[in-house]
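Here's the structure we're looking at; comments come further down.
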Amino acid sequence: MLVLGKTELMQLLTDQLTIMLRRKPKSVDLHVDWTYIDYDKKNREYYFDTKKKDWKYIIKLHDGYTYRYLDTVCVRQLIRHEYLDAKDIHIDIRIKDNFDLLNTKTIEEVVKLMDITANIELDNEVLLSKEEIKNLIDLSLDMGNKEMFMEYTAQYNSYI
């Protein structure tokens with residue numbers, strides 16, 4: 001599983017939007033409507049459930065002319081453009097309930113305290129044909145690697 005933090009995710013979104021818009025956006029920021037945020041008493045933090053509310057906007061971008069808002073589904077698609085072998089993408093937005101949150105006066109200050117991560121489950125399974133496995137068995141014999149030989153021999157025998 002691959003985890004992208006706030007800076008990596010915002011950079012990825014900026015890069016993907018630059019490709020799609022054919023120019024770099026002026027700003028790409030987190031934008032979450034506070035009325036849709038839930039509270040976790042156990043961890044003492046607020047969170048935005050992106051699985052239940054995937055239709056809500058979470059990213060605000062300024063393309064130079066207008067402000068546009070991207071929902072969770074759109075953000076997942078932009079991530080999928082970068083990670084083509086992604087099976088599942090979960091976006092997690094949280095903010096700790098602490099003294100810093102009490103001192104905020106504007107929504108912009110609250111958004112700066114929010115943490116967003118993207119958990120990407122990759123499809124790492126590689127399926128090899130019989131011929132490819134035979135070639136790897138020959139390679140392991142040439143290299144003298146007994147572990148590699150045993151692994152690929154067992155995989156080849158499972159095909160038969």
Side-chain angles (χ1 to χ4, degrees), residues 1-133 135-136 139 148 151-152 155:
M1 176 168 304
L2 179 67
V3 178
L4 298 178
K6 188 174 186 176
T7 54
E8 296 95 3
L9 181 59
M10 292 302 173
Q11 184 61 46
L12 182 140
L13 293 175
T14 302
D15 294 344
Q16 289 298 319
L17 289 166
T18 302
I19 293 168
M20 293 179 76
L21 298 173
R22 295 190 191 114
R23 66 177 179 274
K24 188 172 181 174
K26 286 193 173 195
S27 66
V28 177
D29 300 314
L30 189 59
H31 175 80
V32 178
D33 190 352
W34 191 255
T35 57
Y36 293 101
I37 294 203
D38 299 318
Y39 188 71
D40 182 7
K41 290 180 183 178
K42 181 181 175 187
N43 296 326
R44 293 196 61 214
E45 64 185 6
Y46 293 93
Y47 67 95
F48 182 81
D49 191 355
T50 56
K51 289 193 179 196
K52 291 181 184 174
K53 300 176 180 103
D54 62 352
W55 49 272
K56 287 304 296 171
Y57 300 117
I58 60 170
I59 299 293
K60 175 180 169 183
L61 79 105
H62 186 263
D63 64 358
Y65 302 107
T66 60
Y67 285 99
R68 297 181 187 189
Y69 297 90
L70 305 176
D71 62 3
T72 308
V73 175
C74 183
V75 172
R76 281 190 188 115
Q77 289 302 321
L78 290 171
I79 294 170
R80 213 175 293 278
H81 279 285
E82 182 73 22
Y83 297 100
L84 299 174
D85 55 346
K87 285 189 343 187
D88 185 38
I89 300 171
H90 177 70
I91 299 169
D92 191 32
I93 301 172
R94 297 188 177 272
I95 182 169
K96 287 285 185 191
D97 185 13
N98 58 17
F99 192 68
D100 293 335
L101 183 61
L102 291 173
N103 289 333
T104 59
K105 293 180 175 63
T106 64
I107 294 294
E108 288 78 21
E109 291 175 355
V110 173
V111 168
K112 286 180 184 175
L113 293 176
M114 285 184 184
D115 188 33
I116 182 171
T117 57
N119 301 318
I120 306 166
E121 185 180 338
L122 300 173
D123 184 12
N124 293 334
E125 186 177 326
V126 178
L127 301 175
L128 300 172
S129 68
K130 279 185 170 182
E131 285 299 316
E132 291 171 328
I133 294 174
N135 291 339
L136 288 171
L139 178 66
M148 188 173 157
E151 178 183 341
Y152 288 120
Q155 193 172 355

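Source: prediction; values computed, not measured. These numbers come from the heavy atoms of this one structure, side chains and all, not from hydrogens, waters or symmetry mates.
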Residues T104 and E109: closest non-hydrogen pair is CA-OE1, 3.1 Å
Kindly give the heavy-atom pair with the smallest separation between K96 and N43, and that separation in Å.
NZ-O, 4.0 Å
Nearest-0.5 Å distance that lies between atom CG in N119 and atom CG in L4
8.5 Å
Which pair of non-hydrogen atoms, one from R23 and one from D63, has the smallest distance, and what is that distance?
NE-O, 3.1 Å
Using 0.5 Å steps for rounding, measure from the CG atom of N103 to the CG atom of N98.
9.0 Å
With a cut-off of 6.0 Å (strictly less than), are more than 12 heavy atoms of other residues, nucleotides or ligands near NZ of K6?
yes
Validation row: L101, Y46 side chains within 4.5 angstrom (heavy atoms)
yes
Scanning both residues in full, the closest heavy-atom pair of Q155 with I133 reads CG-CD1, 3.8 Å
Do K56 and F48 have side chains that get closer than 4.5 Å, going by heavy atoms?
yes
Within the 4.5 Å heavy-atom criterion, are V28 and I59 side-chain neighbours or not?
yes
If you count every heavy atom of other residues, nucleotides or ligands that lies below 6.0 Å from R44 atom CZ, does the total exceed 12?
no
Evaluate the side chain to side chain contact (heavy atoms under 4.5 Å, CB included) criterion for residues D40 and D97: first the C-alpha distance (whole Å), next the side-chain angles of each, then the deciding distance (0.1 Å), finally the verdict.
CA-CA 10 Å; D40 182 7; D97 185 13; over 6 Å; no
Shortest non-hydrogen contact from M10 to D29?
CE-C, 4.2 Å
Using 0.5 Å steps for rounding, measure from the NZ atom of K87 to the CE atom of M1.
9.5 Å
Got a sec, which residues hit side-chain hydrogen bond (donor to acceptor under 3.5 Å, both in side chains) with Q11, two or more places apart in sequence or on another chain?
D15
Hey, does the side chain of T72 reach the backbone of T50 with a donor-acceptor pair shorter than 3.5 angstrom?
no
Using a 3.5 Å distance criterion without hydrogens, assess whether the side chain of R94 forms a donor-acceptor pair with backbone atoms of T117.
no
How far does SG of C74 sit from CZ of R68, to the nearest 0.5 angstrom?
10.5 Å
Check the pair L61 / L21 against side chain to side chain contact (heavy atoms under 4.5 Å, CB included), numbers first and verdict last.
CA-CA 12 Å; L61 79 105; L21 298 173; 4.2 Å; yes
Take I116 and I91 through the test side chain to side chain contact (heavy atoms under 4.5 Å, CB included) and record every step on the way to the result.
CA-CA 7 Å; I116 182 171; I91 299 169; 3.8 Å; yes
Gap between atom OH of Y152 and atom CG of L128 - 0.5 Å precision:
6.5 Å
Filter on ring-ring contact (aromatic ring centres under 6.0 Å, His included), then keep only pairs touching residues 63-89, sequence neighbours left out; what's left?
H31-Y69, Y57-Y69, H62-Y67
Distance, nearest 0.5 Å, that separates CD of E121 from CG of D85
11.0 Å
D115 vs D92 side-chain heavy atoms within contact, under 4.5 Å
no
Which atom of L30 lies closest to which atom of M114, heavy atoms considered:
CD2-CB, 3.5 Å
Give the intermediate values and the outcome of side chain to side chain contact (heavy atoms under 4.5 Å, CB included) for residues L13 and L70.
CA-CA 10 Å; L13 293 175; L70 305 176; 5.6 Å; no
